[in-house]
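These numbers come from a predicted model, not from an experiment.
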Amino acid sequence: MTSKVITLCFWKRPVYATAVLDALRRCDGIENYKLLIHLDGGGHPDMHYLAASVDFCERIVVKRADHLGCNDMTRIALHHGFSHSDYVIHVEEDVVLAPDALRYFEWAEQFGKDGGIFTVSGWRHPSGWLPESGKPYAPVMGGEARTEPFFTCWGWATWRDRWDEMDAHWTTGTDLSLSWDIAISGMRGTRFEVHPMISRAVNIGKLGGVHRGDSPLTYWAGSPGFTTPTVYKFHEC
């Protein structure tokens, strides 16, 4: 399978979903992707029209009549994604990607050959922009990444064999008792994720989410004036 695939889960927050789609429209290379949009049942009626309006890449919209919740919808969307590709990028209705995020994820795909790498993260905590020395941002860091012992769910990607493992151990809890991301984080073991030195994603979902809300970043790769790198590489601490 060679398709480039992004899976999305939408439900009830069209203002956030609009921002997510607007950001995807501006992503470098988006025209080469399949966008698989899954709409949970019982959501806002505008979600269907937003999904159907996507014209910047190939899109497939799957609409549920019944409400399944975040745990089940995420699993279904990822199943769909891996029926089209062996490497899938996943975002939610409140996760905005930077213009170069897809190029960053494409660069990181190569690390699937390393059994010690579990996932690729697009998001980075504000205190982790640089090595934890408190040094200020330096332009050379813009295209750099390193490995971290985390699983981060705000814009991420993984490979088929890791997905098969996740799927086999998917949470049987409800959205409130045990969310899918906590379950995946627990099964990660000692493996790492590829983590950008400057975040390629932000969470804007302050209102109406199931769990925590937004995490604003003072500076990220979608900030005005950010110099988009031409080369990505691992940071040497």
Side-chain angles (χ1 to χ4, degrees), residues 6-9 13-30 33 35 56 89-111 117-158 181 184-185 188 192-237:
I6 302 169
T7 54
L8 297 91
C9 290
R13 297 181 290 174
V15 173
Y16 292 146
T18 298
V20 170
L21 293 176
D22 285 347
L24 283 170
R25 181 186 295 275
R26 295 190 293 270
C27 281
D28 297 342
I30 186 62
Y33 277 77
L35 200 57
F56 48 82
I89 300 167
H90 182 73
V91 296
E92 305 288 344
E93 71 181 26
D94 56 4
V95 174
V96 171
L97 297 186
D100 76 323
L102 300 183
R103 290 201 290 110
Y104 159 75
F105 279 118
E106 290 167 10
W107 166 79
E109 183 178 0
Q110 64 185 300
F111 302 111
I117 302 296
F118 190 52
T119 52
V120 179
S121 173
W123 187 79
R124 185 175 184 82
H125 191 276
S127 65
W129 291 340
L130 303 177
E132 288 72 12
S133 60
K135 294 180 180 179
Y137 166 76
V140 71
M141 309 302 289
E144 296 192 12
R146 71 181 187 188
T147 55
E148 297 280 8
F150 303 123
F151 168 70
T152 307
C153 65
W154 290 344
W156 61 286
T158 198
D181 54 315
I184 289 177
S185 182
R188 177 186 59 81
F192 292 81
E193 68 180 2
V194 179
H195 213 71
M197 299 303 289
I198 302 295
S199 189
R200 260 59 192 188
V202 290
N203 186 298
I204 60 172
K206 183 177 182 179
L207 302 175
V210 176
H211 299 292
R212 61 177 293 178
D214 62 349
S215 182
L217 303 182
T218 303
Y219 189 83
W220 69 297
S223 297
F226 178 78
T227 302
T228 302
T230 57
V231 176
Y232 299 90
K233 61 182 180 178
F234 268 110
H235 172 66
E236 297 181 5
C237 298

How many angstroms lie between [atom1] in [X] and [atom2] in [Y], if you round to the nearest 0.5 Å?
X: Y232; Y: R200; atom1: OH; atom2: CZ; value: 5.0 Å
X: D94; Y: I204; atom1: CG; atom2: CD1; value: 6.5 Å
X: I89; Y: E106; atom1: CD1; atom2: CD; value: 6.5 Å
X: W156; Y: D181; atom1: CH2; atom2: CG; value: 9.5 Å
X: F150; Y: R188; atom1: CZ; atom2: CZ; value: 8.0 Å
X: Y104; Y: I198; atom1: OH; atom2: CD1; value: 11.5 Å

E148 with R146: basic N within carboxylate O range, under 4.0 Å: yes
Test item: L24 and Y33 side chains (from C-beta on) under 4.5 Å apart, heavy atoms: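 No, every pair of side-chain atoms sits at 4.5 Å or beyond.
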Are any of the side-chain heavy atoms of I30 and R25 separated by less than 4.5 Å?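 When only atoms from C-beta onward are counted, R25 and I30 do not touch, as no gap falls below 4.5 Å.
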Grab the two heavy atoms, one from [X] and one from [Y], that are nearest each other, plus how far apart they are.
X: V120; Y: A108; value: CG1-CB, 3.6 Å
X: P196; Y: S121; value: CD-O, 3.1 Å
X: L102; Y: C27; value: CD1-CB, 3.7 Å
X: T228; Y: R103; value: CG2-NH2, 2.8 Å
X: D100; Y: P229; value: OD2-CD, 3.6 Å
X: T7; Y: H90; value: OG1-ND1, 2.7 Å

Determine whether W107 and V231 satisfy the following criterion, side chain to side chain contact (heavy atoms under 4.5 Å, CB included), listing intermediate values before the conclusion. CA-CA 9 Å; W107 166 79; V231 176; over 6 Å; no
Taking the six-membered ring for Trp, are W154 and W123 parallel (under 30°), tilted (30 to 60°) or perpendicular (over 60°)? perpendicular
Could you go through W220 and V96, starting from their C-alpha distance and side-chain angles, then the distance that decides it, and tell me whether this counts as side chain to side chain contact (heavy atoms under 4.5 Å, CB included)? CA-CA 11 Å; W220 69 297; V96 171; 4.0 Å; yes
Is the gap between the ring centers of F111 and F192 under 6.0 Å? no
Tell me if a side-chain donor or acceptor on T158 pairs with a main-chain N or O of F118 at a distance below 3.5 Å. yes
